[in-house]
Protein chains: 2
Amino acid sequence: MAELTKFWYLENFNLFRNLDNESMEELKRITSMQNISKNQPIYFPQEPSKSIYFLKKGRVKLTRMSPDGKEMILGLINKGEVFGEMSYLDEDERKEFATTLDEVLVCAINKDDFKQFVDHNPELNLRLTKLIGLKMRKYSERIEELVFKDAGQRVISFLLRLADENGKQIGDEIFVKPFLKHQDIAELTACSRQTVNSVLTDLREKGVINFDRKKLIIQNKEELKKRVG
Amino acid sequence: MAELTKFWYLENFNLFRNLDNESMEELKRITSMQNISKNQPIYFPQEPSKSIYFLKKGRVKLTRMSPDGKEMILGLINKGEVFGEMSYLDEDERKEFATTLDEVLVCAINKDDFKQFVDHNPELNLRLTKLIGLKMRKYSERIEELVFKDAGQRVISFLLRLADENGKQIGDEIFVKPFLKHQDIAELTACSRQTVNSVLTDLREKGVINFDRKKLIIQNKEELKKRVG
DNA sequence: TCTGTACTGTCATCATTAAGACAGAAATGC
DNA sequence: GCATTTCTGTCTTAATGATGACAGTACAGA
């Protein structure tokens, strides 16, 4: 069951697989590549929503801000993933910030060019719908987590997700590098920086994980899983 | 700005607008109508995900259950709305319960028949993607609310949403009927039944709303808006 | 290499809200 | 029309986690 879900996820991975040469040429023509340095904005709220982005290298965070200035991170985008896709659905303006977490290489496509491209490659229709459906599912899982889990469990769930998405298994440890600062984890898991810190240091003391500013090492994944149920 | 957003929402409303007669005939052939009485299940978690549903009459709630048996309501479906759409994206099994809240008339389409139908009516592709994108947006707003607002504000936001979606303006009051029991509101807003009750009775004492088991009357919408920021 | 800034780690205090208990009202089923 | 179940309203208690403060550490830029 868990495996079937995994499969369903992976299936959505590469939007442009199996396109013919001509289409790939057209795709190249309508996209523009950009190198962006660390901690730079890609787009802002209220900005007109006119491109879809494909992340080639690095990480991006999507954040929303409350009227009184608190921040929350809606999600992290990794290499190979798409963001800003709401412009394809004629969203008029951005609702969130997209900010680089590292040196980033990103590929932008104007939404109208992209719509035309999809018209020429109708097999992309279902893939796009699936891609959006996949994000929807992630959001619904996030809601579930906020409702059912306490702060500590949410932080641990986040570590497990990080291990799945960015971890490298070396021996029986999982390495995640780069790691995130506590404040970012707090904004992703809807708790305070102090709570993140106390959960992490507690796990470190017990030998379940190890970490510093640059990396996270998961030494006992089973123990983490046990703690989130 | 608020108006543009509203527009974006409404645009997604009728999936089957402007289809030709032949297509409408085909649609009728592949759909099956069902009358279902109050408080009955439509589908369960783990059930194979093989149909998409269109709600013609009544209300449906989608609920998830935590491993330890707590419930939460992922969303309410009103007349004219679609649910179970993840089957179209090859979800293998349902993740939630769909339960009727009233007498319901619902129209089911097998996902494979529906895919074929969409192939014959490619204009549905973008509409479907938008429909799913719309749900995604709703979920993202829900996450935002869980993170930024306290329990009382979430309940009030819910009342305002209910007013928008199901309310009838009569004079300067907004009537919502049927209403929901406190437990359901609690499961929708991620707080306890007791908190819902105290928020509602407090608002009633102050003359902002009135309610009983059957209906909700919003007497001062502006006051409610003021309280959620 | 120094210096200012950003991040980590820790603690005490306080607010929010969940949970349990129970009485009374309303709805449902027989 | 009566009995049983479900829902509302209210209280008290207790736990979770936010907040603010501050010292120590790492980092980046001059």
Side-chain angles (χ1 to χ4, degrees), chain A residues 37-40 61 66 68-73 99 101-103 145-158 177-206 209-216 227-228, chain B residues 37-40 61 66 68-73 99 101-103 145-158 177-206 209-216 227-228:
Chain A
S37 59
K38 193 175 171 172
N39 293 325
Q40 297 304 310
K61 68 173 176 182
S66 75
D68 53 313
K70 273 198 299 180
E71 280 189 34
M72 74 156 213
I73 301 183
T99 315
L101 285 173
D102 319 290
E103 283 274 314
E145 210 166 278
L146 284 166
V147 173
F148 291 144
K149 292 183 180 157
D150 65 29
Q153 290 174 318
R154 293 200 299 272
V155 172
I156 294 176
S157 286
F158 166 74
K177 191 183 162 181
F179 193 32
L180 293 163
K181 57 187 176 195
H182 296 184
Q183 183 64 45
D184 280 343
I185 299 175
E187 285 169 19
L188 267 162
T189 55
C191 65
S192 66
R193 177 188 68 78
Q194 291 90 330
T195 298
V196 171
N197 182 267
S198 87
V199 172
L200 292 182
T201 53
D202 179 61
L203 290 168
R204 178 160 60 186
E205 271 169 22
K206 303 209 163 84
I209 64 172
N210 197 2
F211 66 94
D212 58 32
R213 293 183 188 206
K214 303 230 200 278
K215 63 183 179 303
L216 166 73
R227 293 184 188 222
V228 288
Chain B
S37 60
K38 193 174 171 174
N39 294 325
Q40 296 305 308
K61 68 174 177 181
S66 74
D68 53 312
K70 274 197 299 182
E71 279 189 34
M72 73 156 216
I73 301 182
T99 315
L101 285 173
D102 318 292
E103 283 274 315
E145 210 167 278
L146 285 167
V147 173
F148 291 143
K149 292 182 180 155
D150 65 29
Q153 289 174 318
R154 292 199 301 273
V155 172
I156 295 175
S157 287
F158 166 75
K177 192 180 161 183
F179 193 32
L180 293 164
K181 56 186 175 193
H182 296 184
Q183 183 64 44
D184 281 342
I185 300 175
E187 285 168 20
L188 267 161
T189 55
C191 65
S192 68
R193 177 189 69 81
Q194 292 90 328
T195 299
V196 171
N197 182 266
S198 87
V199 172
L200 293 182
T201 52
D202 179 62
L203 291 168
R204 177 162 58 187
E205 271 169 24
K206 302 206 165 84
I209 65 173
N210 198 0
F211 66 93
D212 58 31
R213 294 183 186 204
K214 302 231 201 277
K215 63 184 179 303
L216 166 73
R227 293 184 188 221
V228 289

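Since this is a predicted model, take the numbers as computed values, not measurements. Letters go in sequence order (proteins before strands), and every chain restarts at 1.
Rounded to whole Å, atom C1' of C/dA6 lies 15 Å from atom CG of A/Asn197. As a whole-Å value, the separation of A/Lys181 NZ from D/dC27 P is 14 Å. Distance CG (A/Asn39) to C1' (D/dA28): 12 Å, rounded to an integer number of Å. D/dT19 atom P lies 12 Å from atom CZ of A/Arg193, rounded to whole Å. Taking atom CG of A/Leu216 as the reference point, atom C1' of C/dT8 lies 16 Å away to the nearest angstrom. The distance between atom CD of B/Gln194 and atom P of D/dT13, rounded to the nearest whole Å, is 16 Å. In this structure, A/Gln153 atom CD and D/dT16 atom P are separated by 11 Å, rounded to whole Å. To the nearest angstrom, P of D/dA18 lies 14 Å from CZ of B/Phe148.
A/Asp212 comes within 4.0 angstrom of nothing in the nucleic acid, heavy atoms only. Note on A/Ala186: nothing from the nucleic acid sits closer than 4.0 angstrom, heavy atoms only. When heavy atoms are screened at a 4.0 angstrom cut-off, B/Lys214 is found touching the sugar-phosphate backbone but no base atom. At a threshold of 4.0 angstrom between heavy atoms, the contacts of A/Ser192 include nucleobase atoms, whether or not backbone atoms are also involved. At a threshold of 4.0 angstrom between heavy atoms, the contacts of A/Arg154 with the nucleic acid are absent.
For A/Arg204 and C/dG9, the shortest distance from a side-chain N or O to OP1 or OP2 is below 4.0 Å. Remark: A/Thr195 is not in phosphate contact with D/dT16, judged by side-chain N or O atoms under 4.0 Å from OP1 or OP2. At the phosphate of D/dT10, OP1 or OP2 sits under 4.0 Å from a side-chain N or O atom of B/Thr201.
Side-chain contact between A/Leu203 and A/Ile156: present, with at least one pair of heavy atoms (C-beta onward) separated by less than 4.5 Å.
Taken from CG in A/Asn39 to CD in A/Glu103, the straight-line distance is 10.5 Å, to the nearest 0.5 Å. Interatomic distance, A/Arg154 CZ to A/Ile185 CD1, rounded to the nearest 0.5 Å: 13.5 Å.
Here the options are B/Val155, B/Ile209, B/Thr189, the test is side chain to side chain contact (heavy atoms under 4.5 Å, CB included), and the partner is B/Val199; only B/Val155 passes.
If you find the closest nucleotide of DNA chain D to A/Asp150 and to B/Ser198, the one lying nearer the 5' end belongs to B/Ser198.
The main-chain N or O of A/Glu187 is never found under 3.5 Å from a side-chain atom of A/Asp184 such that the two would form a donor-acceptor pair.
The side chain of B/Phe211 has D/dG9 as its nearest neighbour among C/dT8, D/dG9, D/dA18. Listed candidates were D/dG17, D/dC27, D/dC22. Nearest to the side chain of A/Ala151 is D/dG17.
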